[in-house]
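One structure is given here, and the rest of the page talks about it.
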Amino acid sequence: MDLILVLTIISVTLFTLLGLFLLVTKKGNGKANGLLGLFFLLWALDFLDGVLLLKGFYLNYPHFALWAEPFILLYGPLLYFYTLQLTSPKKTLNSLQLFHLIPFFVGILAMVLVYHVHPVDKKLEILNSIVGMEQDFRSLAGFALVYIHLFYYIHISKKEIKSVTKDVEWYYSQRYLVWLDKLLNALIVVLLISIVNGIFQYSSLKTYFEISLIIVLILVCLFIVRLILNALDEPFIVPKSEGVKRNSGILLDSNESEEIFTKIQEALKEKRLFMESDLTLGHLSEAIGSTSRKVSQVINDRMGHSFFDLINTHRIAEAKRIFRERKDPKLTVLEVMYEVGFNSKSSFNTQFKKKTGLTPSEFLKLNA
């Protein structure tokens with residue numbers, strides 16, 4: 001079995017497992033998980049189909065060839081819809097947003113007209129030109145349009161993330177969108193290498209094409225493994241919420257403001273809700289019997305914090321207390337991290353150093 005096939009099998013298996021996990025998990029935002037799961041499953045199908053095509057498998061089964069090609073035009077919209085589902089989960093797809101799917105249906109029609117309506121002899125001629133890397137200018141133009149389409153959706157997804165990054169801190173106690181931005185950056189790298197791979201393919205430089213294809217497959221394998229490892233440190237299962245758009249200021253009388261302020265203090269200092277890793281503004285508001293808008297306003301006006309800063313200030317203070325008063329000499333940084341409500345080591349390190357000037361490990365050594 002050659003290296004390309006082995007790497008393809010590994011990539012497809014990892015993507016399939018990740019996609020299925022997201023589709024069946026009961027945790028977090030079900031719609032968002034479903035969109036991302038479908039994205040990974042389609043990517044797995046695309047990789048498998050592409051290698052089978054280039055290896056000549058479909059020469060024996062021409063009627064089954066090129067059906068999966070238009071699926072690549074769903075990648076961009078799925079990523080964008082996923083991003084919107086995280087940033088504005090209460091919004092539903094409307095007829096205007098469904099226009100994003102038009103290129104996919106155009107792609108299906110193009111494949112039918114270019115390939116599927118032809119007799120077997122013509123289909124074999126087309127397949128042989130692909131296997132022999134003898135495609136004409138029309139194929140190159142299609143290749144370019146597909147990548148322009150993908151980069152456009154990555155761009156607008158990153159733009160959406162940037163527009164709500166600050167607002168996220170007013171609702172979540174964890175920075176759940178950081179990993180999504182990393183995912184999009186990794187996809188850009190994979191796509192750039194894939195473009196080089198495609199240039200070799202359309203230039204009929206078979207030797208360089210196979211080398212670059214191996215590089216692409218290795219990068220994809222590393223990409224999936226890193227994604228899974230990052231997910232263990234920085235979970236991408238985002239809890240359900242009302243959304244992350246910051247509410248505009250509202251007027252509260254002094255008595256109501258003081259009452260909410262007292263309840264927030266009680267919830268954090270006595271009930272210690274900050275130790276819940278999936279705590280959101282909505283959860284805190286529900287716990288004290290108020291609304292997210294009012295609680296956000298009090299946190300902003302009376303405490304001078306975003307929700308994110310307020311909760312993580314309490315978490316770091318608790319972590320410092322545990323480090324100082326620990327009785328178990330074998331106590332680890334990770335144990336403390338999870339105990340105080342963090343679920344990301346990188347986020348814990350960043351917040352701890354920001355508030356103390358030391359990393360958790362350095363602080364632990366000083367208080368040994």
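Keep in mind the model is a prediction, meaning the values are calculated, not measured. Positions are given from 1 along the sequence.
To the nearest 0.5 Å, atoms OG (S306) and CG (N312) are separated by 8.5 Å. Taken from CD in E259 to NZ in K263, the straight-line distance is 4.0 Å, to the nearest 0.5 Å. Put simply, CZ on F57 and CG on L48 are 9.0 Å apart, with the number rounded to the nearest 0.5 Å. Here the straight-line distance linking atom CG of L17 with atom CG of L22 works out to 11.0 Å at 0.5 Å rounding. I288 CD1 to L284 CG: the interatomic distance, rounded to the nearest 0.5 Å, is 5.0 Å. Rounded to the nearest 0.5 Å, atoms NE2 (H100) and CG (L98) are 9.0 Å apart.
A cation-pi arrangement is absent between R315 and F274, since the terminal nitrogen or guanidinium carbon is not both under 6.0 Å from the aromatic centre and inside a 45° cone about the axis.
For the pair E335 (side chain) and T332 (backbone), a donor-acceptor distance under 3.5 Å is present. Not a single donor-acceptor pair under 3.5 Å links the side chain of S347 to the backbone N or O of S344. The main-chain N or O of S292 is never found under 3.5 Å from a side-chain atom of S296 such that the two would form a donor-acceptor pair. Counting only distance, with no hydrogens or angles, the side chain of S163 and the backbone of E160 share a donor-acceptor pair below 3.5 Å. The closest donor-acceptor contact from the side chain of N185 to the backbone of D181 lies under 3.5 Å.
Looking at Y58 and D49, their side chains come closer than 4.5 Å, going by heavy atoms from C-beta outward. Between E69 and L53 there is a side-chain heavy-atom pair separated by less than 4.5 Å. In this structure, L184 and I188 have side chains that are not in contact, with every pair of non-hydrogen atoms separated by 4.5 Å or more. Residues D46 and F71 fail the side-chain proximity criterion, which asks for heavy atoms closer than 4.5 Å.
The aromatic rings of F348 and F323 are tilted relative to each other, their planes meeting at an angle between 30° and 60°. Below 30°, between 30° and 60°, or above 60°: for W67 and H116 the angle between ring planes is below 30°, a parallel geometry. Ring geometry, F15 versus F40: the interplanar angle falls under 30°, so the pair is classed parallel (tilted spans 30 to 60°).
Closest of all the heavy-atom pairs between N343 and Y338 is CA-CE2, 4.2 Å. Across every non-hydrogen atom of A32 and Y82, the tightest pair is O-CD1, 3.0 Å. Nearest heavy atom pair, residue L101 against residue L74, reads CD2-CD2, 3.9 Å. Nearest heavy-atom pair, I311 versus L268, reported as atom, atom and distance to 0.1 Å: CD1-CD2, 3.7 Å. When every heavy atom of L124 is checked against every heavy atom of L59, the shortest pair comes out as CD2-O, 3.3 Å. When all heavy atoms of F104 and L73 are compared, the pair lying nearest together is CA-CB, 3.9 Å.
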**Message:** Using side chain to side chain contact (heavy atoms under 4.5 Å, CB included), reason through L78 and L42 one step at a time and then give a plain yes or no.
**Reply:** CA-CA 10 Å; L78 282 173; L42 288 179; 3.7 Å; yes

**Asked** Going through the checks in order, is the side chain to side chain contact (heavy atoms under 4.5 Å, CB included) test met by R302 and S257?
**Response** CA-CA 8 Å; R302 296 290 298 271; S257 177; 3.5 Å; yes

**Request:** Output, in order, the C-alpha distance, side-chain angles, deciding distance and verdict of salt bridge (Lys or Arg N to Asp or Glu O under 4.0 Å) for K365 and E362.
**Result:** CA-CA 5 Å; K365 288 179 181 178; E362 291 169 344; over 6 Å; no

**Prompt:** When you look at L150 and I72, which way does the side chain to side chain contact (heavy atoms under 4.5 Å, CB included) test go after all the steps?
**Reply:** CA-CA 8 Å; L150 278 169; I72 195 170; 4.3 Å; yes

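Atom CD of E286 has 12 or fewer neighbouring heavy atoms from other residues, nucleotides or ligands inside a 6.0 Å radius. Counting heavy-atom neighbours within 6.0 Å of K353 NZ, excluding the residue itself, gives a total of 12 or less. Residue K269 qualifies as open at atom NZ: its count of foreign heavy atoms under 6.0 Å is 12 or below.
When only modelled atom types and interatomic distance are considered, Y75 and H149 share no side-chain donor-acceptor pair under 3.5 Å.
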